[in-house]
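In what follows, a single structure is set out as structure tokens and then discussed.
Just so you know, these numbers come straight off a predicted model, no measurement behind them. Atoms considered below: every heavy atom in the structure, side chains included; atoms not considered: hydrogens, waters and symmetry mates.
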Amino acid sequence: SAVISQKPSRDICQRGTSLTIQCQVDSQVTMMFWYRQQPGQSLTLIATANQGSEATYESGFVIDKFPISRPNLTFSTLTVSNMSPEDSSIYLCSVPTTSGRSNEQYFGPGTRLTVT
Amino acid sequence: DQQVKQNSPSLSVQEGRISILNCDYTNSMFDYFLWYKKYPAEGPTFLISISSIKDKNEDGRFTVFLNKSAKHLSLHIVPSQPGDSAVYFCAASAYCSNDYKLSFGAGTTVTVRA
């Protein structure tokens with residue numbers, strides 16, 4: 001199993017500002033995923049970040065709002081830009097299992113963001 | 001459009017009894033299903049999965065049943081223990097279509113009463 005850490009664990013930010021969330025994995029992985037969980041809702045995939053290529057964004061998410069970096073095989077960042085209260089969510093990164101079935105993803109502990 | 005639905009937001013069960021969590025999906029391309037468990041302030045942890053070629057998978061106290069014709073799956077926990085109190089998420093993917101993305105339900109909060 002992979003050990004995943006995220007920084008910060010939580011933050012309270014003012015609207016109009018930006019926050020960068022870091023995700024560190026203890027092993028090299030090709031794929032990393034970023035999810036959002038809004039209050040009372042399911043986890044929604046924001047984008048898939050592959051090392052060496054541009055992130056692939058899901059419908060409803062754009063690079064200008066959620067720029068992603070993937071500088072190496074163990075690290076990724078997600079920035080929530082020009083925040084509004086609607087961005088208040090838990091943001092999670094995940095990586096595929098090493099079993100070969102990438103569906104069984106390991107998740108980080110999440111970053112709880114509150115935008116005031 | 002929510003492709004994976006967990007219609008029961010919460011479930012309360014007596015310790016030692018069976019917990020049954022239900023999940024429905026709409027996308028017929030889904031062929032791999034997973035259950036995740038989440039404690040407060042932690043990320044979801046993988047619990048059990050099932051491929052569409054099976055209708056049942058068992059792992060200790062946890063059993064997942066899949067009814068493809070009804071596009072329905074369920075998770076049975078027996079016997080339920082206080083440590084099982086958590087939020088349970090159902091997830092699905094179209095693995096054989098090389099789509100590794102997971103679609104999640106909204107979760108069911110399980111409370112096991114002593």
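- Annotation: R17(B), atom CZ; neighbour count of heavy atoms from other residues, nucleotides and ligands within 6.0 Å does not exceed 12.
- With a 4.5 angstrom heavy-atom cutoff, A41(B) touches chain A only via backbone atoms.
- Going from atom CZ of F33(A) over to atom CG of L102(B) covers 7.0 Å, rounded to the nearest 0.5 Å.
- One hydrophobic cluster holds both L66(B) and Y88(B) under the rule that ILVMFWY side chains link at heavy-atom gaps under 4.5 Å.
- L45(A) touches chain B through its side chain: at least one heavy atom from C-beta onward sits under 4.5 Å away, while N, CA, C and O do not.
- When side chains are defined from C-beta on, Y32(B) counts as touching E104(A), because their heavy atoms get closer than 4.5 Å.
- Y35(A) contributes atom OH, which lies 5.0 Å from atom CZ of F104(B) (distance to the nearest 0.5 angstrom).
- I63(A) and Y91(A) end up in the same hydrophobic cluster when Ile, Leu, Val, Met, Phe, Trp and Tyr side chains are linked at under 4.5 Å.
- Annotation for P44(B) and L43(A): closest pair CG-CD2, 4.0 Å, computed over non-hydrogen atoms.
- Distance CE/M31(A) to NZ/K101(B): 10.0 Å, rounded to 0.5 Å.
- Minimum interatomic distance between G40(A) and A106(B) (heavy atoms only, all atoms of both residues): O-CB, 4.4 Å.
- Contacts between Q37(A) and chain B at a heavy-atom distance below 4.5 Å involve the side chain alone, from C-beta outward.
- Within 6.0 Å of CD on Q81(B) lie more than 12 heavy atoms contributed by other residues, nucleotides or ligands.
- Placement of V25(A) and L78(A) in two distinct hydrophobic clusters is found when ILVMFWY residues are connected by side-chain heavy-atom separations under 4.5 Å, directly or transitively.
- Enclosure of atom CD1 in I18(B) by more than 12 non-hydrogen atoms of other residues, nucleotides or ligands within 6.0 angstrom is indicated.
- The same ILVMFWY cluster, assembled from side-chain heavy atoms under 4.5 Å apart, contains both F46(B) and I90(A).
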